[in-house]
Asks: 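Structure incoming, see below.
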Amino acid sequence: MSGVTRRVAYRTCPLCEATCGLELHLEDDVPVLARGDRADVFSRGFLCPKGAALPKLEADPDRVRRPLLRTGRGSAAQWREVDWPEAFAVIAERLSAVIDAHGRDAVGVYLGNPTAHNLASLVHGRLMLQGLGTRNVFSASTVDQMPKQVAAGLMFGGALSIPVPDVDRTDHLLMLGANPYESNGSLCTAPDLPGRLEALRARGGRLVVVDPRRTRTAAAADEHLAIVPGTDALFLFALVHVLFAEGRIDPGPHLTPHLDGLGEVERLAADFPPEAVADACGIPAERIRAVARDLAAAPRACVYARIGTCTQEFGTLASWLVDVVNVLTGNLDRPGGAMFTLPAAGSASAGGTPGPGRGVRLGRHASRVRGAPEVFGEFPAACMAEEIETPGPGQIRAMVTVAGNPVCSTPDGPRLDRALDALDFMVSVDIYRNETTRHADVILPAPPLVAKGHYDLALYQLAVRNVANYSPPIRPLAAHETAEWEILARLGAIGMGLGPDADVDALDEALARGLVERAVARPGSNVEGRDPDALMTALAHRRGPERALDVMLRTGPYGDGFGADPAGLSLAALEAEPHGVDLGPLAPRIPGVLRTPTGRIELAPEAIVADVARLRARRDRPATGGLVLVGRRHLRSNNSWMHNVEVLVKGRPRCTLLVHPDDAAARGVVHGGTVRVTSASGAVEVPVEVDDAMRPGVVSLPHGWGHDVDGVDLAVARRHAGVSSNVLTPSDRLDPLSGNAVCNGIAVEVVPCPSP
Ligand SMILES: Nc1nc2c(c(=O)[nH]1)N[C@H]1C(S)=C(S)[C@@H](COP(=O)(O)OP(=O)(O)OC[C@H]3O[C@@H](n4cnc5c(=O)[nH]c(N)nc54)[C@H](O)[C@@H]3O)O[C@H]1N2
Ligand SMILES: Nc1nc2c(c(=O)[nH]1)N[C@H]1C(S)=C(S)[C@@H](COP(=O)(O)OP(=O)(O)OC[C@H]3O[C@@H](n4cnc5c(=O)[nH]c(N)nc54)[C@H](O)[C@@H]3O)O[C@H]1N2
Ligand code: SF4
Ligand SMILES: [Mo]
């Protein structure tokens, strides 16, 4: 007992988008217990089983703690721990060799989901990308939310100008393709979103859920519409049609002066009356009409849609129509509707001059093999394998992955798996040796959570309240640990040809200076015209992402302006508030938030209008009668990477195929049996749960499983291996405007496996 130092620290949970406050109980700075922080200004004590398991995740003996160097391949692979100088020396030699021989585009980069929850990668990831200077950048965004970013970018002028549902004040929420009872919300940062939805209903509001499965969220709603996968854009267009046909368009005096393209939307919607889409959507015309009327009648209503509407054939169209409906019903940018956050650390739309802006440019260049357009500086993740496999100038011969597991999470994982195996060189910044990182020649471990600071730079741009919360590191880095920002900066330096021992502090200093110089040059900023040197001096005690964050906070919308407003925010102010700072409910931001070239809301962007013909063809496509596959999430799981924590995977297997009783009976499939699921790209064998929560004709399989492969170091996950649903996801089906993969609505055949 004696000699152990116990204390409590407060931190924001980095695991999902909800940003819950954790009360971490520490013994000698090692977390032993996580509770919800009841004083957290945003989460008020809420936490889920993943947050509670964080101490176990931190203590996982399989985590990579020191750099690993691989010799041999496949089943002959051997891993050796090396020190950081040796790891970087190997990387400098071999990555530079690839760049020297084949050019910068020969290095591919994949950024995974946790990079969006990580201050170091959000700030210094750019340094790495600039240093590597390759066009071959991929990320989890194109198996996720890219359609929403494209739609919002074209409508409002910024890739992150995404309206979020003002769930705490709305009277009526129409939710499509989201299941926050499991996911805790996405593109909608709201700790305890299920509790907030219950509060909505308790105050007399109405929740309508559109999902091919009667999820826990759908079961808790007032109404559930079991839509045919991939037809949300048809459904939403029919809502638009009804609103016009019944004279229920009412954007209101707040939006009307800022709208472009209303007539074009009306013209397009003419082709989608409820009767014309009802069969395709599997929802009776009368119910579609009623949904439109309810939305129009509610004092404050909001449409919110998430991954089921993004990772599908019409991702951008569906994402666009969500906000079209919000505009037409007058619910965009008003309390209780869909609103824009004003984040404390600023954002592209929070500083600078409102009005006509640069807008967003897409398709500035095209991928080498299939000519897929670039979107916000990246290519579709579904193109990665072909870019590695296909010989010729610009072929990817080396990969850098950061916090990603694309073998499990992107289309046709097995093909990517083979492609990665054939690379000249690969380096992964990760905390596990998993399905993807087992191909790396070098794995560079990110330090544990307790040794890094945390601030949700990305997710606070999408929060349902304006909040700010910084978690300082609990302990300093140990001698064998390297800060993640420094790892990324060093990879960038190697890309610049500065070698393995470059002065990364100088790069970090230049990064901070760049932020300061932009802030003082920005018209109307709270430090406009100030001397950058003086501001840099004021920051001299900080380095790394913390210094950059301090600049962003101090020059942000609530910032202290480096003394201009002593009551304003700074990193020091946040350090004094371990439970966070509540900056209030969302407030209207139009027109200030707009950055389109016209300075108006583009209701009918050209690129989107041009894609409507494809949707018309879908309207008229006859049903095949076959089964289609969709995905799902479970509260105790997180994409592919938390299956090595026993408390989260124990119990019934989670990687099962849900099949409606009628579909099961028609195929001789029984509950608890095993089936073979075949798609155009592959086949898996998986246990079945017969479940009447499924819409007939639709089956559901979660993603992120399939852990029993050579070379992974995941003892627990291997015992609960499951199969990867992305074996079944073809890599040739993309939403054309966003390059997003179509992971939902995949045609499959299901047959019983012979009993063993
Ligand atoms: N516990 C847990 N939480 C997570 C994650 C996790 O893996 N586990 N992952 C995190 C990440 S990275 C993300 S992006 C978010 C995602 O958060 P959500 O968007 O809430 O994701 P899901 O829970 O997968 O819910 C998607 C729903 O869409 C439905 N669906 C599928 N196809 C269609 C369709 O064509 N139309 C409609 N209307 N619905 C469809 C599915 O049946 C499913 O119920 O969750 C985050 N939170
Ligand atoms: N079929 C289908 N496929 C899908 C989806 C779906 O719904 N259906 N969902 C998609 C979505 S929404 C997403 S976001 C993607 C996720 O796709 P990915 O981001 O590729 O996969 P993850 O499983 O999130 O892998 C995260 C990786 O980060 C590592 N990691 C965790 N913490 C840290 C850290 O602090 N630092 C570093 N350096 N590494 C860390 C983990 O060990 C793991 O290797 O999957 C997508 N794939
Ligand atoms: S809901 Fe998300 S942020 Fe909150 S405790 Fe769970 S994993 Fe962490
Ligand atoms: Mo995601």
Side-chain angles (χ1 to χ4, degrees), residues 12-20 22 34 36 43 46-52 54 63 110-118 120-121 139-141 143-145 176-187 191-193 209-213 215 217-218 225 227-232 235 305-313 318 381 401-411 428-432 434-437 444-449 452 484 487 629-642 698 700-704 724-726 728-729 741 743-746:
T12 306
C13 177
L15 297 175
C16 86
E17 296 178 45
T19 72
C20 300
L22 300 178
S43 65
F46 178 81
L47 104 163
C48 86
K50 293 183 298 299
L54 208 131
R63 267 175 75 152
Y110 177 84
L111 304 174
N113 168 276
T115 60
H117 303 246
N118 183 333
S121 48
S139 86
S141 292
V143 278
D144 190 348
Q145 82 291 346
L176 304 92
N179 184 13
Y181 275 69
E182 307 288 352
S183 71
N184 277 302
S186 179
L187 300 186
D192 193 15
L193 188 44
V209 171
V210 180
D211 195 305
R213 179 164 73 102
T215 60
T217 308
L225 299 168
I227 195 168
V228 171
T231 64
D232 301 84
F235 171 80
R306 227 345 339 245
I307 200 155
T309 63
C310 280
T311 51
Q312 55 138 295
E313 212 179 335
T401 72
V402 182
N405 191 5
V407 166
C408 282
S409 55
T410 67
S428 293
V429 184
D430 210 288
I431 56 173
Y432 282 109
N434 60 23
E435 298 74 13
T436 296
T437 61
L444 301 174
L449 172 121
K452 52 189 188 191
E484 203 159 3
I487 300 174
L629 177 72
V630 298
R632 70 175 188 272
R633 283 173 164 74
H634 190 283
L635 185 59
R636 304 178 82 88
S637 173
N638 195 20
N639 295 328
S640 77
W641 69 280
M642 291 182 63
V698 185
S700 160
L701 184 67
H703 74 286
S724 174
S725 69
N726 283 315
L728 301 170
T729 313
C743 304
N744 281 307
I746 298 166

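This structure is a prediction, so every number in the text was calculated from the model and none was measured. Start at 1 and go down the list; that is how both ligands and their atoms are numbered.
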Asks: For atom 4 (Fe) of ligand 3, report each protein N, O or S atom nearer than 2.8 Å, sorted by chain and then by residue number.
Replies: Cys20 SG
Asks: With sequence neighbours excluded, tell me which residues meet salt bridge (Lys or Arg N to Asp or Glu O under 4.0 Å) with Lys50.
Replies: none
Asks: For Ser725, counting its heavy atoms only, list the atoms of ligand 2 lying under 4.0 Å from any of them.
Replies: 1 (N)
Asks: Can any side-chain N or O of Asn726 pair as donor or acceptor with the backbone N or O of Cys408 at less than 3.5 Å?
Replies: yes
Asks: Would you mind listing which atoms of ligand 2 come within a distance below 4.0 Å of any non-hydrogen atom of Pro406?
Replies: 20 (O)
Asks: Below a 4.0 angstrom heavy-atom separation, can you tell me which part of Glu435, side chain or backbone, both or neither, approaches ligand 2?
Replies: neither
Asks: Could you tell me whether Asn726 approaches ligand 2 through its side chain, its backbone, both or neither, with non-hydrogen atoms closer than 4.0 Å?
Replies: side chain
Asks: Would you please name every residue forming a side-chain contact (heavy atoms from CB on, under 4.5 Å) with Thr19, sequence neighbours left out?
Replies: Thr12, Phe42, Thr189, Pro191, Asp456, Leu459, Tyr460
Asks: Quick test of your reading of the model: are Arg306 and Asp211 salt-bridged, counting only N-O distances below 4.0 Å?
Replies: no
Asks: List the protein residues in contact with ligand 1, where contact means a heavy-atom separation under 4.0 angstrom.
Replies: Lys50, Asn113, Asp144, Gly177, Ala178, Asn179, Glu182, Ser183, Ser186, Val210, Asp211, Pro212, Thr215, Ile227, Pro229, Gly230, Asp232, Arg306, Ile307, Gly308, Gln312, Val630, Gly631, Arg633, His634, Leu635, Ser637, Asn638, Asn639, Asn744
Asks: What is the distance from atom CG of Asp430 to atom OG1 of Thr401, rounded to the nearest 0.5 Å?
Replies: 6.0 Å
Asks: Checking Ser139 side chain against Gly112 main chain: does a donor-acceptor pair fall under 3.5 Å?
Replies: no
Asks: Identify whether the distance between the nearest side-chain nitrogen and carboxylate oxygen of Lys452 and Glu484 falls below 4.0 Å.
Replies: yes
Asks: Check each atom of ligand 2 against the heavy atoms of Tyr110 and keep those under 4.0 Å away; list them by number with element.
Replies: 17 (O), 18 (P), 20 (O)
Asks: Can you list the atoms of ligand 2 that are under 4.0 Å from a heavy atom of Asn434?
Replies: 43 (C), 44 (O)
Asks: Enumerate the atoms of ligand 2 whose separation from the nearest heavy atom of Ala446 is less than 4.0 angstrom.
Replies: 36 (N), 37 (C), 38 (N)
Asks: For ligand 2, find out whether one of its N or O atoms is nearer than 3.5 Å to an N or O atom of Val429.
Replies: yes
